[in-house]
Structure formats: structure tokens, C-alpha cells
Number of protein chains: 2
Amino acid sequence: MSKCDSCIIKEFNSLKSLTRDELMRVSACKTGKVYRKGQVIFEEGETLNGVYCVRDGVCKLTKLSENGKDQVVKLVVKGGLLGKRSLVSDQKTNLSAVALNDMEMCFIPKAEIMKDLSKNPKFTMDVLKEMAEDLKEADESLVNMAQKSVKARTAEILLYIHDHFGTDTEGFLSIVLSREDYASIVGTATESAIRILSQFKKDGLISTSGKRIKIEDSNGLKWIE
Amino acid sequence: MSKCDSCIIKEFNSLKSLTRDELMRVSACKTGKVYRKGQVIFEEGETLNGVYCVRDGVCKLTKLSENGKDQVVKLVVKGGLLGKRSLVSDQKTNLSAVALNDMEMCFIPKAEIMKDLSKNPKFTMDVLKEMAEDLKEADESLVNMAQKSVKARTAEILLYIHDHFGTDTEGFLSIVLSREDYASIVGTATESAIRILSQFKKDGLISTSGKRIKIEDSNGLKWIE
DNA sequence: ATGATTACCTGACAAATATCATATTCTAAA
DNA sequence: TTTAGAATATGATATTTGTCAGGTAATCAT
């Protein structure tokens with residue numbers, strides 16, 4: 001397995017603020033893990049004893065609602081760190097993580113990271129900043145969820161995925177989700193998500209090929225209300 | 001104005017992790033501010049150059065939705081710190097703060113707090129923990145917003161206010177909100193909020209006296225879906 | 001290749017919620 | 001105290017969204 005200090009992934013998260021020495025220590029005790037599409041990485045309520053650094057693939061963070069449905073709270077791709085909140089607050093995790101395609105991750109034990117958190121202020125500050133960003137995003141999601149129609153939320157997640165995670169060489173969204181996942185992100189019934197995506201297709205806003213979606217008229221999507 | 005190190009309020013927030021010396025410094029540069037009911041403390045997009053510590057009163061943190069309606073993201077009472085996220089991330093604030101009744105606050109300039117953040121790891125860790133808690137709460141709100149009915153959300157906010165902020169001597173919720181505020185919290189039209197609260201009253205779940213609300217059957221409210 | 005399973009799609013209807021209109025009650029300022 | 005303006009209340013109706021029911025198409029393990 002590659003060493004952390006030479007790992008390009010770390011540039012995308014707060015691990016970049018660790019010193020070379022600290023990275024060597026982290027590297028020495030990390031373990032690599034591979035998850036298959038659909039596999040559960042951890043489940044709501046579990047005690048995590050470390051953080052996961054995503055090297056490749058995509059996963060969804062979900063939370064079970066009282067009505068028994070999963071709600072997707074966040075999508076995490078290469079460079080993301082899973083388990084930060086749980087680590088910091090020293091609580092069981094409030095979210096589940098499920099791989100959306102085959103994933104490659106590094107697992108860093110809690111003790112090692114906590115050592116750095118207590119000794120490297122720059123690193124702590126960086127984690128703080130990442131958390132602040134998550135919080136801001138969560139506020140935005142909350143407002144969208146509360147104030148926008150399902151159709152508008154669906155249009156928005158398509159644009160979000162496009163802008164944040166990009167497209168493949170053919171122009172299709174590089175993150176491929178099931179209709180059920182879309183429903184679970186925008187917080188609606190699967191049938192509704194299907195209907196809305198079909199409508200978007202009819203209206204020429206998107207096109208599809210299998211499960212893949214291509215945005216044809218991003219401006220049109222922006223004006224959905 | 002009282003000194004921070006003898007201020008009981010600090011026990012409720014991360015300032016408690018500051019040393020006596022640090023508190024003296026903070027105390028020396030803080031300024032007291034008073035806000036009237038309805039007054040804007042700060043507005044979305046402003047650059048905050050410090051944090052606000054709530055000594056008395058209640059305020060709402062809101063965010064303007066694209067449809068022009070305000071969404072209440074959080075209620076903050078005595079002991080709360082406003083402006084943390086903005087301070088940490090060094091960005092303009094993403095939320096507005098409006099006093100719900102007359103308020104007394106202390107304003108602590110950014111420079112002073114940042115000094116402590118960079119030098120007192122226990123304090124930084126505490127801020128980190130508070131932020132982690134906010135994030136967890138935001139995730140929960142998101143799921144509720146996405147998956148529960150307006151009626152259930154309304155029941156929930158009543159119980160939340162009861163459990164978190166308590167009641168006055170007569171048993172009425174100690175935080176008094178307009179129907180419009182309730183609507184803005186649960187993310188619905190004002191008329192819908194009014195209707196639902198009226199229904200709750202008819203069903204004997206709550207009773208009212210002017211704008212004040214008393215929970216009569218908290219168990220009944222819990223089972224609303 | 002084939003059957004079984006899962007994902008996707010669509011229609012019909014029911015339920016929840018928004019919107020508009022209008023009336024009533026409360027409240028704060030003159 | 002009076003009174004204009006705001007907040008609360010309620011009805012009628014339109015719109016959005018969910019649910020159930022029945023399909024077809026894609027995918028997977030044998």
C-alpha cells in the first residue's frame with residue numbers, strides 16, 4: 001500500500017495539514033479496505049474507532065427516518081473523510097455509510113488521529129474548517145428541503161452532482177445513482193422521483209443511457225420551481 | 001458590565017474551557033449589546049468580526065430561501081454562541097440572527113477569540129465538539145424535514161421547545177413564537193401552521209393563552225404522524 | 001440462454017399542502 | 001380610548017405529492 005505522505009488524496013482533505021512525520025506515523029498504522037458496490041461501510045449507531053479516507057469510489061451517508069425510510073444526507077467521493085464528527089464528539093456515529101460503487105479506502109485508527117488533533121493546531125483548525133463547511137452545506141440542504149418543491153430539489157441534485165463530481169468522457173454524470181437513491185436524496189417517494197426524471201427527459205432537460213444521466217439543458221434545470 | 005470569569009453563562013458554552021487568564025483578556029475587550037424584540041443582530045452575507053454570547057433572551061437563526069421565504073434553522077437561548085461557524089471558516093455568515101424577545105448579549109472581537117483558538121487546544125476541541133453537535137442536529141432536522149409530514153414536524157417542534165427551553169411558572173412554553181415563526185421553522189405556509197395548531201387545540205393536545213402555548217398531552221403529540 | 005429478481009415506468013386515485021379570499025381578534029400607536 | 005395595522009382564523013379550491021396496482025425492461029446467478 002502506498003504511503004500517506006506521497007498519497008495525492010490527502011491534498012483534498014485536512015490530512016494535508018499534517019507534518020511529514022505525522023503522516024509517516026499515520027501511514028504506518030493505517031489499513032487499506034475495499035468495499036463492493038452496495039456494501040455497508042458502517043451503520044448508524046456503531047462506534048467507529050477511526051476515520052475512513054476515500055481513495056476511490058463514491059458512497060452515500062444516510063440516516064434512518066422514524067418512518068423507516070433512509071434519507072441520504074451527503075455523497076462522499078475521493079478525498080473525503082468519513083467519521084470525523086463521530087471521532088471529535090466521541091459519540092456513536094449518527095449516519096450510515098454505504099458504497100455506491102466499488103471503493104478503496106484507508107482506515108486510520110482513532111488513537112493516531114486524536115494524537116495529531118491534540119498536538120497540531122493547524123490540523124485541528126483544518127478539521128474545524130471542514131466541519132464548518134459541512135454545517136453550512138447542511139443548513140443549505142435544510143432550507144432547500146423545507147422550501148422547495150420535489151421537482152426543484154431533483155433538478156438541483158442533478159446540477160449539484162454535475163458541478164461537484166463532474167462527468168465522464170461522454171458527458172454523463174460521473175456518479176450513477178438508482179431512482180431510489182435519487183428519491184432518498186430529495187426526500188420523496190421512488191415513484192415521484194421516477195416521474196420527475198421522466199418528465200425532465202420529455203422536456204429535453206436531461207437524456208439517459210441505462211442508468212446514466214446526461215444534463216442537456218442546465219439552464220432549464222436551474223429555473224425549475 | 002460583569003466580568004467573563006465570574007459570568008455563569010460561560011458554563012453553558014465552550015468559553016468554559018478558557019483559562020482564568022484568557023477569560024480576563026476576553027472580558028477586557030468584550031462589549032455588551034442589547035437588542036429589542038424583532039431587531040436584526042446580523043444578516044446573511046455580513047462579515048462578522050466576532051462572536052456573540054447570549055446572556056439573556058432568545059433569537060432565531062434564519063436563512064433566506066430562493067423563493068423569498070425565511071427558513072428558521074436554529075433557536076438560540078442563554079449560553080449560546082452566535083457566529084462560530086463564520087469565525088472559524090473565515091467566511092461571511094450564512095445565516096441571519098433576529099431577536100425573538102429583548103436580548104442581552106456580549107460581543108467578543110474575532111482577534112481575541114482566534115488567539116485562544118490557536119493557543120488553547122482544550123478550547124479548540126470544545127468548539128470542535130460544539131460544531132459536531134450542531135452538525136448532528138442539522139442532519140436530524142434534514143431527515144425530519146424530508147421525511148415527516150408538516151403535522152408531525154409541528155408536533156415535534158413543540159416538544160423540542162418544551163424539552164430544550166422549558167416552561168414558565170404556569171406551564172406555558174417559555175419561548176413564545178408567532179404562527180409565522182412556527183411556519184418558518186417547520187417549512188410550511190403560515191395558514192397551514194395556524195390550521196395545525198388549531199387542530200392540536202381542538203384535539204386537546206395543546207392549549208393556548210394569547211400567543212402562549214401549553215402542552216397538554218405530550219404523549220399524544222409524540223404519536224402524530 | 002433462461003428464469004428469477006430487481007429496477008424502472010405509468011395510471012388512477014387519495015391524501016397532504018398551498019393558495020386565495022375573507023372574516024375576526026389582537027395590539028400598539030395616536 | 002380609539003383605531004389602523006398586524007396576527008390569527010377558517011372556508012373553498014387548486015396543486016403537489018403519496019400510495020397502490022399493474023405493467024415492462026434490465027440484470028444477475030445458474
Side-chain angles (χ1 to χ4, degrees), chain A residues 36-39 60 65-71 98 100-102 144-157 172 176-203 206-213 224-225, chain B residues 36-39 60 65-71 98 100-102 144-158 172-173 176-203 206-213 224-225:
Chain A
R36 291 303 173 82
K37 177 179 176 176
Q39 211 180 333
K60 58 179 176 183
S65 159
E66 284 174 34
N67 68 10
K69 285 187 192 165
D70 269 324
Q71 173 67 35
V98 179
L100 288 173
N101 48 35
D102 293 351
N144 286 341
M145 209 54 95
Q147 305 277 356
K148 290 189 180 171
S149 70
V150 174
K151 213 190 266 188
R153 269 138 59 192
T154 307
E156 194 159 81
I157 187 64
F172 291 96
V176 177
L177 298 170
S178 69
R179 307 297 149 132
E180 197 182 355
D181 280 328
Y182 276 109
S184 169
I185 291 173
V186 301
T188 191
T190 307
E191 295 95 323
S192 298
I194 288 172
R195 253 184 264 272
I196 286 168
L197 288 173
S198 300
Q199 190 59 49
F200 284 176
K201 207 158 93 177
K202 271 184 201 151
D203 296 346
I206 62 173
S207 61
T208 61
S209 161
K211 299 177 69 123
R212 296 184 306 160
I213 293 178
I224 295 284
E225 53 179 35
Chain B
R36 290 306 173 80
K37 177 180 175 175
Q39 213 179 332
K60 59 179 176 183
S65 158
E66 283 174 35
N67 69 9
K69 285 188 192 165
D70 269 325
Q71 173 68 34
V98 178
L100 288 173
N101 48 36
D102 292 352
N144 285 340
M145 210 54 96
Q147 303 278 355
K148 290 189 181 173
S149 70
V150 174
K151 213 189 266 188
R153 269 138 58 191
T154 307
E156 194 160 81
I157 186 63
L158 292 172
F172 290 96
L173 295 182
V176 177
L177 298 170
S178 68
R179 309 297 182 195
E180 199 181 354
D181 281 327
Y182 276 109
S184 170
I185 292 172
V186 302
T188 191
T190 307
E191 296 95 320
S192 298
I194 288 172
R195 255 183 261 271
I196 286 168
L197 288 173
S198 299
Q199 191 59 49
F200 284 176
K201 206 158 94 176
K202 271 185 201 150
D203 296 346
I206 63 173
S207 61
T208 61
S209 161
K211 298 176 69 124
R212 297 183 306 160
I213 293 178
I224 296 283
E225 54 178 36

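Note: hydrogens, waters and symmetry copies are ignored here, and every other heavy atom, side chains too, is used. In what follows, chains carry the letters A, B, and so on, assigned in the order in which the sequence lines appear, proteins first and then strands, with residues in each chain numbered from 1.
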Double-helix bend of the helix from dA1(C)-dT30(D) to dA30(C)-dT1(D), axes at both ends from 5 pairs, round to 10°, gives 50°
Chain B reaches DNA chain C, atoms under 4.0 Å from its heavy atoms, from dT17(C) to dC20(C)
Residues at least two apart in sequence or cross-chain that pass side-chain contact (heavy atoms from CB on, under 4.5 Å) with D70(A), listed by chain then number, are T62(A), L64(A), S184(A)
The salt bridge (Lys or Arg N to Asp or Glu O under 4.0 Å) partners of E180(B) (sequence neighbours excluded) come to none
Contacts satisfying side-chain hydrogen bond (donor to acceptor under 3.5 Å, both in side chains) that involve residues 187-201 of chain A (not counting sequence neighbours) are Q199(A)-D203(A), K201(A)-T208(A)
With B for base contact, S for sugar-phosphate-only contact and - for none (protein heavy atoms under 4.0 Å), nucleotides 12-30 of chain D reads B----SBBB----------
L177(B) atom CG is separated from dT8(D) atom P, nearest whole Å, by 10 Å
Across all chains, not counting sequence neighbours, the side-chain contact (heavy atoms from CB on, under 4.5 Å) partners of K37(B) are D102(B)
More than 12 non-hydrogen atoms from neighbouring residues, nucleotides or ligands closer than 6.0 Å to CD on E66(B), yes or no?
-> no
side-chain hydrogen bond (donor to acceptor under 3.5 Å, both in side chains) filter on S149(B), not counting sequence neighbours, yields none
Heavy atoms, side chains only, cut-off 4.5 Å: are F200(A) and I224(A) in contact?
-> yes
Under 3.5 Å, which donor-acceptor pairs do the side chains of residues 151-158 of chain B form with other protein atoms, sequence neighbours left out?
{"residue": "R153(B)", "atom": "NE", "partner": "V186(B)", "partner atom": "O", "Å": "3.1"}
{"residue": "R153(B)", "atom": "NH1", "partner": "M145(B)", "partner atom": "O", "Å": "3.4"}
{"residue": "R153(B)", "atom": "NH1", "partner": "K148(B)", "partner atom": "O", "Å": "3.0"}
{"residue": "R153(B)", "atom": "NH2", "partner": "V186(B)", "partner atom": "O", "Å": "2.4"}
{"residue": "R153(B)", "atom": "NH2", "partner": "G187(B)", "partner atom": "O", "Å": "3.3"}
{"residue": "T154(B)", "atom": "OG1", "partner": "V150(B)", "partner atom": "O", "Å": "2.7"}
{"residue": "E156(B)", "atom": "OE1", "partner": "N144(B)", "partner atom": "ND2", "Å": "2.5"}
{"residue": "E156(B)", "atom": "OE2", "partner": "K148(B)", "partner atom": "NZ", "Å": "2.7"}

- Item | Non-hydrogen side-chain atoms of N101(A) and V176(A) separated by less than 4.5 Å | no
Those residues at least two apart in sequence (or on a different chain) that pass salt bridge (Lys or Arg N to Asp or Glu O under 4.0 Å) with R212(A) are D168(A), E170(A)
